[in-house]
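Residue numbers start from 1 in every chain, and the chains themselves are labelled A, B, ... in the order their sequence lines are given, proteins ahead of strands.
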Amino acid sequence: MQLNPKTREAYNLFHDGILALGRAEQQGIRVDVEYIEEKQAQLTKRIDWLYKRVEGTKFYHHWEHSQKGKVNIMSDAQLARFLYDVKKLKPIKLTPTKKGSTDEESLTQLNIPELNHILKIRKLKQLRDTFLEGFRREQVNGVMHPFYNLNLARTFRSSSDRPNFQNIPKRDHESMQICRKALYPRKGHQLLEIDFSGLEVRIAACYHKDPTMLAYINDPTTDMHRDMAEQLFKFKYDKAREDHYTLRQAAKNGFVFPQFYGDYFGNNAVDLACMWGGLPMDKWKPGDGIEFNDSQLANHLIDNKLSSLGLFTKHVQKIERDFWENRFPDYAAWKERWWQTYQKNGYIDLLTGFRCSGVMGRNDCINYPVQGAAFHCLLWCIIELDKIARLESWKTKLVGQIHDSILIDAHPEELEYVARVVKRVTCEDLPKAWPWISVPLDVDADLCAVDASWADKEKYEFK
DNA sequence: GGAACTCGCCAC
DNA sequence: AAACGTGGCGAGTTCC
């Protein structure tokens, strides 16, 4: 992949950035090898048990017969052949190469107990063999040193490998606990994680300057995701209700973000209904779906004339139109303009002085400049913090980075001071250094107790 | 026995 | 008109 910063500033950012990241790599993250080996053994037992439960079934014997004995329960190719050719089941979706898919959604929809066991085995194997084993393999004397690359991502973001520090489970609580319990600060230190709130949305706003979006960003009492949840699911948001918050998350991750990335209502409707609403693919019956308003989501939607995925899809289509035509028309116009500009010039310039060129699609032209520039905000802060930390001989060290967040191995006595400096650098110094940042920036922080693992973190309030 | 490919899944 | 962006990685498979 090309490395093509257009300006001197862009070059310097990466030059200084890779040195700061190199120091974080050198510092590394403590790994509890004993815990990992114990947990891996535990996972192996659970995997074996689930495997045995599948092995004894008619389903398995049928599969074995069709394979002439050689079954590999982890082979998607075998599974697809068995389900869709031998058993003649209808695939709910196809892979990019037009074969029946065996991903989580497809297998869940088929509603066969053995497939649920296979899904669970897949999950546990990934925890054992990708995450825990990755940490174990890469650690040296109980410390692993994930690498950060600035020369791979076509967006001018970073990537990470050996092991990848940027995809450790977080959303699924069980997976998060299993993986992050392996990771520790230095003895007597504590982990402090700081992330920019809504960074990509705010950086996008610096490009398109859509007034409605700017109003959302500038007035913290408003909430774009809440408004979209109300529109998508037809209800009045009550912030005291946990089920309402669930639908807000659904709107955010199943509609708003995918729309920004260039997705469309067809996928959104399926995701919102199946993944986030727990509803079946066809017609909905009372009692279907997640709990909502002391009943079920299906009951609520049926009352609102949305009684099937088909009707819901038409509803989401209307909301998509409204989203771009009425709510964020300036954002929509910017997207179109940006695409036209690329087609005319053959490149896209970022606000941070980088230039993306080569063959790009419509969505690429919108996504690259936002993702890149957002990450550059973080990188600028990392460089600045690294400079200050060395100048002032901090015992506290920067040890990791995940696109819009940093992981700090903090000395307890320096903690409050460090947190103040981080807040100043991110929210004050950065916007001063880069005047194109025309929106306020904000950070959230999480803190772990002294000597506690990364799994046990709590919200940290800045003093 | 390795390269290249597909598929699935984790993060942002 | 078209239809989810960026990565890394493991496992299986096929080809050389």
Side-chain angles (χ1 to χ4, degrees), chain A residues 1 70-81 93-107 118-119 121-135 137-138 146-172 175-176 178-180 195-201 203-204 252-271 316-317 320 324 335-336 339 356 360-372 374-375 378 400-407:
Chain A
M1 194 41 62
K70 273 274 163 244
V71 176
N72 184 339
I73 198 173
M74 283 298 104
S75 164
D76 295 314
Q78 274 192 27
L79 184 55
R81 223 175 299 140
K93 63 176 172 185
L94 303 177
T95 65
T97 48
K98 313 288 176 216
K99 285 177 281 196
S101 169
T102 56
D103 67 3
E104 186 176 357
E105 196 192 329
S106 305
L107 298 193
I118 290 176
L119 283 172
I121 292 173
R122 260 192 204 164
K123 239 188 189 105
L124 298 178
K125 267 170 114 55
Q126 193 191 20
L127 295 178
R128 185 190 63 182
D129 302 336
T130 302
F131 296 107
L132 293 181
E133 182 57 19
F135 302 159
R137 177 174 14 88
E138 296 301 335
F147 289 80
Y148 297 100
N149 314 297
L150 293 180
N151 59 332
L152 296 176
R154 63 186 69 193
T155 52
F156 298 108
R157 260 192 183 182
S158 66
S159 72
S160 168
D161 58 19
R162 294 171 291 162
N164 182 351
F165 190 66
Q166 297 179 319
N167 72 342
I168 300 167
K170 179 170 188 168
R171 244 197 59 226
D172 179 80
S175 308
M176 183 279 278
I178 289 174
C179 296
R180 298 189 181 213
D195 70 301
F196 278 107
S197 19
L199 185 63
E200 284 193 5
V201 167
I203 295 310
K252 173 178 166 185
N253 296 314
F255 180 80
V256 177
F257 284 158
Q259 281 289 332
F260 290 158
Y261 288 141
D263 202 3
Y264 87 116
F265 66 89
N267 290 332
N268 301 155
V270 172
D271 284 358
V316 178
Q317 182 173 19
E320 183 192 86
W324 292 112
K335 294 206 300 184
E336 188 52 35
W339 171 230
C356 293
M360 292 195 276
R362 195 191 174 83
N363 290 340
D364 302 334
C365 295
I366 309 311
N367 286 318
Y368 293 3
V370 174
Q371 292 183 4
F375 167 66
L378 185 79
Q401 166 268 122
I402 316 176
H403 305 306
D404 67 352
S405 72
I406 49 178
L407 185 64

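- In this structure, A/Thr95 does not reach the B/dG8 phosphate: none of its side-chain N or O atoms is under 4.0 Å from OP1 or OP2.
- Applying the 3.5 Å distance criterion, the base of C/dG7 shares no donor-acceptor pair with the side chain of A/Gln166.
- Straight-line distance between the C1' atoms of B/dC9 and C/dC4: roughly 15 Å, to the nearest whole Å.
- By the ring pair (Phe, Tyr, Trp, His ring centres under 6.0 Å) test, A/Phe260 pairs with A/Phe323, A/Tyr331, sequence neighbours left out.
- Rounded to whole Å, atom C1' of C/dT14 lies 14 Å from atom CD of A/Gln78.
- Along DNA chain C, the nucleotide nearest A/Asn363 and the nucleotide nearest A/Ser160 are compared for position; the residue whose nucleotide lies closer to the 5' end is A/Asn363.
- The base of C/dC4 lies close enough to the side chain of A/Asp271 for a donor and an acceptor atom to sit less than 3.5 Å apart.
- Between A/Leu199 and A/Asp404, the shortest heavy-atom contact is CD2-CB, 3.9 Å.
- Pairing each heavy atom of A/Lys335 with each of A/Gln259, the nearest pair is NZ-O, 4.2 Å.
- Using a 4.0 Å heavy-atom cutoff across all strands shown, A/Phe375 reaches no nucleic acid atom at all.
- Ion pair A/Lys99/A/Asp76 not flagged as a salt bridge, since none of the NZ, NE, NH1 or NH2 atoms sits closer than 4.0 Å to an Asp/Glu carboxylate oxygen.
- Side-chain atoms of A/Tyr261 lie closest to C/dC4 of the nucleotides B/dG8, C/dG8, C/dC4.
- Side-chain nitrogen and oxygen atoms of A/Tyr264 include none within less than 4.0 Å of the OP1 or OP2 phosphate oxygen of C/dC4.
- In this structure, A/Asp404 atom CG and C/dT6 atom P are separated by 18 Å, rounded to whole Å.
- Side-chain proximity of A/Met74 to B/dA11, C/dG12, B/dC9: nearest is C/dG12.
- Distances from the side chain of A/Phe131 to the nucleotides C/dG5, B/dC10, B/dC12 place B/dC10 closest.
- Of the charged side-chain nitrogens involved, at least one lies within less than 4.0 Å of a carboxylate oxygen, so that A/Glu104 and A/Lys123 count as a salt-bridged pair.
- Residue-level contact check: A/Arg122 touches the backbone only, with heavy atoms under 4.0 Å from sugar-phosphate atoms and none from bases.
- Picking from C/dG5, C/dG10, B/dC10 the nucleotide with the shortest atom distance to the side chain of A/Pro169 gives B/dC10.
- As a whole-Å value, the separation of A/Asp161 CG from C/dT6 C1' is 15 Å.
- Atom CE of A/Met360 and atom C1' of C/dC4 are 17 Å apart (whole Å).
- Looking at heavy-atom distances under 4.0 Å, A/Lys125 makes no contact with the nucleic acid at all.
- The distance from atom NZ of A/Lys93 to atom C1' of B/dC9 is 12 Å, rounded to the nearest whole Å.
- Counting all heavy atoms, side chain and backbone alike, A/Gln166 lies closest to A/Ser158 at NE2-OG, 3.2 Å.
- The nearest whole Å value for the distance from the CG atom in A/Asn149 to the P atom in C/dG8 is 7 Å.
- Between A/Arg128 and the phosphate of C/dG10, there is no side-chain N or O to OP1/OP2 separation shorter than 4.0 Å.
- Between the side chain of A/Arg171 and the base of B/dC10, no donor-acceptor pair under 3.5 Å is found.
- Distances were taken from every side-chain heavy atom of A/Arg162 (C-beta onward) to each of B/dC10, C/dC9, C/dT6; the shortest belongs to C/dC9.
- Atoms CZ and CD, from A/Phe165 and A/Glu138 in turn, are 13.5 Å apart once rounded to the nearest 0.5 Å.
- In the set C/dG5, C/dT13, B/dC10, the nucleotide with an atom closest to the side chain of A/Tyr368 is C/dG5.
- Using a 4.0 Å heavy-atom cutoff across all strands shown, A/Thr102 reaches sugar-phosphate atoms only and no base atom.
- When the side-chain nitrogen and oxygen atoms of A/Asn167 are compared with OP1 and OP2 of C/dG8, none of them lie within a distance under 4.0 Å.
- Taking atom NZ on A/Lys99 and atom C1' on C/dT13, their separation rounds to 9 Å, with Å as the unit.
- One interatomic measurement links the two molecules: CZ of A/Phe257 to C1' of C/dA3, which rounds to 20 Å at whole-angstrom precision.
- When distances are taken from the side chain of A/Thr155 to each of C/dT6, C/dT13, C/dG10, the shortest belongs to C/dT6.
- When heavy atoms are screened at a 4.0 angstrom cut-off, A/Ser101 is found touching the sugar-phosphate backbone but no base atom.
- The residue A/Glu104 sits close only to the backbone: its heavy atoms come under 4.0 Å of sugar-phosphate atoms, none of a base.
- Distances from the side chain of A/Asn72 to the nucleotides C/dC4, B/dC12, C/dT13 place C/dT13 closest.
- For A/Pro169, the side-chain contact (heavy atoms from CB on, under 4.5 Å) criterion is met by A/Leu127, A/Phe131, A/Ser175, A/Cys179, not counting sequence neighbours.
- Residues A/Pro258 and A/Arg81 both approach DNA chain C. Their nearest nucleotides, taken by heavy-atom distance, put A/Pro258 toward the 5′ side.
- A/Asn367 comes within contact range of the sugar-phosphate backbone alone, with a heavy-atom separation under 4.0 Å but no base atom that close.
- For A/Ser159 and C/dG8, the shortest distance from a side-chain N or O to OP1 or OP2 is below 4.0 Å.
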